[in-house]
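Report on one structure; see the data block that follows.
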Amino acid sequence: MNLSQIWAIVKKDVVSELRTKEMVVSMFLFVMLAMVIFNYAFGAEKNDLTPYAGGLLWTAFLFMSMLGLNRSFVHEKDEGCLDGLLLSPVDRSTILLGKMLGNLIFLIIVQVLAVPVFAVFFIEVNFLGRLGQFILSILLSDIGISAVGTLLATISINSKMRDMLLPIIFLPVSIPLVIAAVISTSGALAGAGSPDELQQISSAMKFLVAYDIIFLLVAYALYDFVVGE
Amino acid sequence: MKAIYLLYSLPIFVIAGLVVYFPTARRWVADFFTTRKLGVAGFALLMVGLYLAFFVAPEPVVGEGKKIFSQKIFYYHVPVAETSLIGFILGAVFGGLFLVKRERRYDFLSYASVEVGFLFGLLVEWTGVIWTRSEWGTWWEWEPRLTTYLILMLMYAGYFVLRSAMAEESSRARFAAVYSIIAAVSVPLTFFSIRLIPSVHPIVFTSSGAQMEPPMLAAFLISMFGMAIFSLALIRAHYSIQLMGEEVEYLKDRLGG
Amino acid sequence: MEFREAVPYVVSAYMGIWLAILVYLLVMQGKLTALGEQVKLLNKAVEKKSAEKEPETVNA
């Protein structure tokens, strides 16, 4: 494993994205549209949705992340780029980490754009004091999503169903992550009322860390078998 | 308390590991424990368990002498649940063996284990739903254990979709093995993540609690062993079907070429 | 819940389990017989083919 090699793969993704900008733009628009739909689906004009904000946020982010994961591998597959990567003298794990970091970066870019809009739309309390906690919980969840997602997107892109397969295998595996992410993000947005809630939020954060570590290791161990052959 | 059970089951894992490691022992075990023997033994144990559950074990009493007959569901509910977990774990173990050894039979075994695990998982949902209906009066309750199983079922349904979505035989086996490992890793994670949310319903019966009387425990354990052995028979039967399918393919190849 | 009310639930739970297992076994049995027949037919065909082929190789 080599940092400059990983960086080269990340840079390749970022440069090609900067040329077209199609992925980030469509992901951002997807999140915006999801917010508008949430407004009408849950009657945000009448109700204060702050307690459910974590859930809404992660519903939008989860589906948005799938859009990006698919896109990043459809490119690779269609233009024979993955074969090129496999032919180049780099480890399979380097490819995994490179693709994973690329996906993570796009996820974070979209979230940086979307979260302020989301806060303005749906959150009626001041959570700036808990901003660190909020960012930490989102980052931890992002790492898990990109680890599992990169692994499973590589599988799904090699199937006959291609991008149809990803939701079916990615969503159930990511449910534990979403549960913990919703608890910790909602906690950061609404603030913890009782010691019990505080306890729950901290155990959700610990769970996120455990999930990230476990699936980073699993992805690292299994990527050899997933990619090419 | 639970750690002690784990300690007791350790020799079983050690023996199983040794058997898998030594080819002669493996062949001997495979020849001795035929599908038929396993099936008959499992079925007999399950029948004994059924008898103990209904005619020997007392009904638990809650509150002022109120007996709960629907608790009898648990004598099969819990064994079915544990058996399905065994199926998923075996699926991941055989998947890992496939990835390391690249022998087709491990793929067959992994597929068979996951399928039997899935079947038993559906039965967990079935019995669980009936229990919630009889005791809480609703068909579906977001109760942690049932919800965990729902998620597991959805996850392993993805396994079958994944298998059928692969065009080539070799990549199907490889990706299925990888996914069976990912899913098995996800099982405990799902279990713990559901428990991050405090449950609304009190747990009336714990499967391993102090309130269990000896005859109840005996009925549980016998059904548990019976179900596990029976599921091994199902896995072997499924495996032999796939071996036969392989033979058909081979014969077709010979005929064509 | 009274004993009388609980009986149908308990019975349906157990019946469901055994029915599902029975159906699964029947399906497997069906697959097994179908495959067995195929194997038999294919074996015959293979034998026939090899019997046809042999004289040719002898003549050559």
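First the proteins, then the strands, lettered A, B, ... as listed; each starts at 1. Bear in mind the structure is a predicted one, so any value in this text is a computation, not a measurement.
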Is any side-chain heavy atom of [Y] closer than 4.5 Å to one of [X]?
| X | Y | result |
| --- | --- | --- |
| B:Y156 | A:P172 | no |
| A:I179 | B:R195 | no |
| A:S159 | B:L162 | no |

Can you say whether [X] sits under 4.5 Å from chain B via the side chain, the backbone, both, or neither, judging by heavy atoms?
| X | result |
| --- | --- |
| A:V218 | side chain |
| A:L152 | side chain |
| A:L177 | neither |
| A:I214 | side chain |

Chain A contact via [X] - side chain, backbone, both or neither, heavy atoms under 4.5 Å:
| X | result |
| --- | --- |
| B:A183 | neither |
| B:S170 | neither |
| B:L152 | neither |
| B:T190 | both |

Top contributor to chain A contacts, counting heavy-atom pairs under 4.5 Å, from B:F191, B:Y179, B:F192
B:Y179
Between atom [atom1] of [X] and atom [atom2] of [Y], what is the distance when rounded to the nearest 0.5 Å?
| X | Y | atom1 | atom2 | value |
| --- | --- | --- | --- | --- |
| A:D224 | B:L99 | CG | CG | 10.0 Å |
| B:I181 | A:L222 | CD1 | CG | 5.0 Å |
| B:Y159 | A:I168 | OH | CD1 | 15.5 Å |
| B:L196 | A:Q199 | CG | CD | 10.5 Å |

Tested for side-chain contact (heavy atoms from CB on, under 4.5 Å) against B:I182, the lone hit among A:V173, A:I169, A:V226 is A:V173
Looking only at A:Y211, A:F215, A:F170, the option with the highest number of non-hydrogen pairs under 4.5 Å against chain B is A:F215
Heavy-atom count check: over 12 atoms from other residues, nucleotides or ligands less than 6.0 Å from A:F30 CZ?
yes
Of the non-hydrogen atoms in [X] and [Y], which two are nearest, and what is the gap between them?
| X | Y | value |
| --- | --- | --- |
| B:L189 | A:F207 | O-CZ, 3.3 Å |
| B:R174 | A:F225 | NH1-O, 2.6 Å |
| A:N158 | B:M166 | O-SD, 4.0 Å |

